[in-house]
Amino acid sequence: MVPQARDSDILILGAGGAGLFAALHAHKAAPELGITVAVKGLLGKCGCTRMVQGGYNVALAAEDSVERHFMDTIEGGKWLPDQELAWKLVTLAIERIHELENELGCFFDRNPDGTIHQKAFAGQSFDRTVHKGDLTGIEIMNRLAEQVWARRIQRLEEHRAVELIKTADGDAIAGVLFIDMRTGDYLFVRARAVLLATGGGPTMYRYHTPSGDKTCDGLAMALRVGLALRDMEMVQFHPTGLLAGAHTRMTGTVLEEGLRGAGGFLLGGNKERFMPAYDAKAERATRDVVSRAMFTEMRKGNTTPHGGLYISMAHLGPERVRREFKGMVERCADCGFDLAGGLVEVVPTAHYMMGGVEFAADCTTVLPGLFVAGEDSGGVHGANRLGGNGVANSTVFGAVAGDSMARFIKKEKFREPDRRAIDAAIARCERPLSAPSGDLEALRERLYDTMWERVGILREAGGLSQALAELDALDAELARTGVIDTTRAFNLSWHDWLNLQSLVAVGRAITQAAAARQESRGAHYRGDFPHTGALETSAYTSIRADGTVTMKPVAFTRVRPGQTLLKHAA
Ligand SMILES: Cc1cc2nc3c(=O)[nH]c(=O)nc-3n(C[C@H](O)[C@H](O)[C@H](O)COP(=O)(O)OP(=O)(O)OC[C@H]3O[C@@H](n4cnc5c(N)ncnc54)[C@H](O)[C@@H]3O)c2cc1C
């Protein structure tokens with residue numbers, strides 16, 4: 001099958017905060033360039049940046065500082081973050097928030113004196129989270145999308161990237177192969193620079209928060225093209241996902257952290273509080289601690305009818321709960337729960353992947369011509385991401401990538417792709433259209449169970465090796481399983497098959513990295529290695545497609561464990 005072909009100077013995969021910021025910055029740096037944003041869904045309507053509720057961390061207040069934001073990020077990341085990436089995050093977040101307000105037109109909440117309101121978020125020593133009510137992501141995405149639409153930036157919507165294609169001698173990227181989901185045809189886009197910004201997304205777990213279009217395609221493509229991923233064992237779980245049964249996509253979606261912050265109680269199936277037995281801060285402990293305690297109670301069988309736990313707010317007064325958590329009360333009511341006066345079933349839910357493609361502070365990767373930004377990248381957050389540092393990460397590094405790509409292509413020509421690699425990718429994607437049809441839903445359920453039970457909140461060596469065997473078996477079964485409907489246009493079963501293939505490949509990388517880290521740190525907890533190793537010799541996992549994991553030492557380029565950049569604390 002011969003794909004259609006076109007050229008674009010810069011090709012951006014993904015239209016979240018990272019992808020759209022990259023497009024705007026590349027266009028600003030060189031308006032004459034051909035820039036294309038390719039996205040699996042509709043521009044502005046998909047991905048997780050749109051789902052951001054809480055807000056955006058940035059050191060704006062006179063009493064705050066980039067050093068303080070930096071130390072919170074390093075300590076929150078348990079000394080695993082790349083310090084140059086973290087420094088870039090905290091320093092450039094200030095520029096980006098001003099750009100969002102003053103150039104792109106975002107309205108954030110303000111104090112009576114006109115300054116930007118910044119609220120408290122867990123794990124931070126200062127209230128620095130900028131927000132627009134509890135719908136911050138919609139404000140950011142709407143303004144970004146309008147600005148992209150207003151410029152001469154090409155869009156390939158409902159185009160799914162399926163393979164990064166190198167040159168025949170493998171020395172650089174030549175372009176990307178897509179499926180046009182509206183027709184089922186293949187399209188090869190040759191580009192002088194490509195940005196990977198497809199946003200990761202741990203949707204291989206039974207309960208998860210990210211949007212359904214996110215299935216780790218970018219990370220799977222990066223592995224296949226030979227890149228290393230770092231910190232893949234670090235998957236963040238949010239304690240309070242709504243649990244409303246298997247029939248609704250509302251299950252897994254987040255009930256905001258403010259509920260616990262305001263004094264909400266978590267109860268077992270026996271309707272008694274359990275958190276005080278686990279941590280002195282009880283329900284206000286950090287996300288990893290609360291999720292672990294919840295999972296332990298669930299394993300003990302102290303569960304609700306749907307197999308989770310309860311959150312209870314009624315003791316705070318139903319009127320107050322209705323007033324302060326209007327959106328959450330409505331979300332729960334939609335699923336038949338009374339948050340203000342009754343009990344709501346909740347479960348920890350997979351929220352964010354700290355791991356991703358290894359990259360440098362200018363967003364380059366080791367593959368010339370390929371750049372990465374946002375949740376597809378690894379190293380900014382280390383073992384844990386602070387709430388509010390996710391959207392800062394995608395917008396800061398999206399902008400850096402746009403600037404870098406515009407500079408990079410000044411001296412770059414279009415490169416010829418390896419035709420055999422294109423043929424091989426098409427053959428892989430075509431497989432489910434000719435194989436005997438099978439039960440994809442059953443395969444998905446097995447994937448969910450494996451990741452949730454053995455590679456989730458509590459891990460140990462035996463479970464991880466069972467998981468690896470199961471993931472290998474799933475991969476082989478998937479390769480033999482076809483889809484019933486073989487029409488090409490908008491064939492969701494076909495795309496589901498491709499989604500599952502990405503999720504199994506990346507699930508395997510998570511499992512292998514989790515087996516290699518024989519300690520507990522941040523989001524990664526090993527029942528057989530419950531303690532954290534020496535911080536001075538901190539090392540991060542770096543994994544390749546063949547499963548080889550290398551432990552690489554963290555370079556403490558700005559501050560060492562036990563030290564601080566805060567003058568008053570020194
Ligand atoms: C419910 C929820 C609440 C959150 N709240 C906060 C918060 O308050 N503060 C915070 O800092 N962070 C928050 N986050 C995290 C934050 O959303 C992410 O860190 C960030 O937005 C990721 O940006 P991104 O551009 O990397 O990816 P995304 O915004 O997810 O965009 C990824 C894009 O890639 C596209 N794509 C995927 N696969 C393909 C493919 N194969 N081909 C082409 N396109 C593809 C998608 O369609 C999408 O357009 C939250 C996340 C969730 C799920």
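Here, residue 1 is the first one in the sequence, and each next residue gets the next number. Each ligand, and each atom within it, is numbered from 1 in the order the structure gives. Everything quoted here is computed from the prediction, not taken from an experiment. Basis for what follows: all heavy atoms, side chains included, without hydrogens, waters or symmetry-related copies.
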Under 3.5 Å between some N or O of ligand 1 and some N or O of [X]?
X: Ala161; result: yes
X: Val39; result: no
X: Asp376; result: no
X: Lys214; result: yes
X: Pro210; result: no
X: Gly55; result: yes
X: Gly390; result: yes
X: Gly54; result: yes
X: Gly199; result: no

ask   = Is Arg68 close enough and on-axis enough to Phe126, meaning under 6.0 Å and within 45°, for cation-pi?
value =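 Relative to the ring axis of Phe126, which defines the angle, Arg68 lies outside at least one limit.
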
Among His238, Arg287, His381, side chain to side chain donor-acceptor pair (under 3.5 Å) partner for Tyr352 =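 Filter result, single survivor: His381.
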
When you measure from [atom] to each heavy atom in [options], which option holds the nearest one?
atom: atom 51 (C) of ligand 1; options: His238, Met353, His351; answer: His351
atom: atom 23 (O) of ligand 1; options: Thr203, Thr349, Thr49, Thr136; answer: Thr49
atom: atom 10 (C) of ligand 1; options: Glu158, Lys40, Arg385, Arg50; answer: Arg385
atom: atom 47 (O) of ligand 1; options: Asp213, Leu219, Ile12; answer: Asp213
atom: atom 3 (C) of ligand 1; options: Met51, Met181, His495, Gln236; answer: Met51

With the threshold set at 4.0 Å, does a side-chain nitrogen-carboxylate oxygen contact exist between [X] and [Y]?
X: Lys28; Y: Glu99; result: no
X: Glu84; Y: Lys88; result: no
X: Lys166; Y: Asp418; result: no
X: Glu101; Y: Arg143; result: no
X: Asp64; Y: Arg128; result: yes

Could you tell me whether the side chain of [X] and the main chain of [Y] form a donor-acceptor pair under 3.5 Å?
X: Asp9; Y: Gly34; result: yes
X: Ser394; Y: Val391; result: yes
X: Ser377; Y: Gly356; result: no
X: Asp180; Y: Asp185; result: no

inquiry  = Please list, in number order, the atoms of ligand 1 under 4.0 Å from a heavy atom of Val391.
reply    =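 Taking each heavy atom of Val391 in turn, ligand 1 has 10 (C), 11 (O), 12 (N) under 4.0 Å.
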
key: Atoms in ligand 1 flagged as close to His159, the criterion being non-hydrogen separation under 4.0 Å   =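 Near His159, the atoms of ligand 1 are 42 (N), 43 (C).
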
message = Among residues at least two apart in sequence or on other chains, which ones pass side-chain contact (heavy atoms from CB on, under 4.5 Å) with Lys119?
response =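 Applying side-chain contact (heavy atoms from CB on, under 4.5 Å) to Lys119 gives His117, Phe121, Thr129, His131.
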
Starting from [atom], which protein heavy atom do you reach first, and at what distance in Å?
atom: atom 25 (O) of ligand 1; value: Ala18 N, 3.0 Å
atom: atom 13 (C) of ligand 1; value: Val52 CG2, 3.6 Å
atom: atom 22 (C) of ligand 1; value: Glu375 OE1, 3.7 Å

Residue-ligand contact [X]/ligand 1, heavy atom below 4.0 Å:
X: Met141; result: no
X: Gly387; result: no
X: Met221; result: no
X: Leu13; result: no

message = Applying side-chain hydrogen bond (donor to acceptor under 3.5 Å, both in side chains) to His306 and Glu345, what does each step give before you reach the verdict?
response = CA-CA 8 Å; His306 285 115; Glu345 289 186 63; 3.1 Å; yes

ask   = What residue pairs, at least two apart or across chains, pass ring pair (Phe, Tyr, Trp, His ring centres under 6.0 Å) with a residue in residues 195-234?
value =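 Qualifying pairs, neighbours excluded: Tyr205-Phe237, Tyr207-Trp452.
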
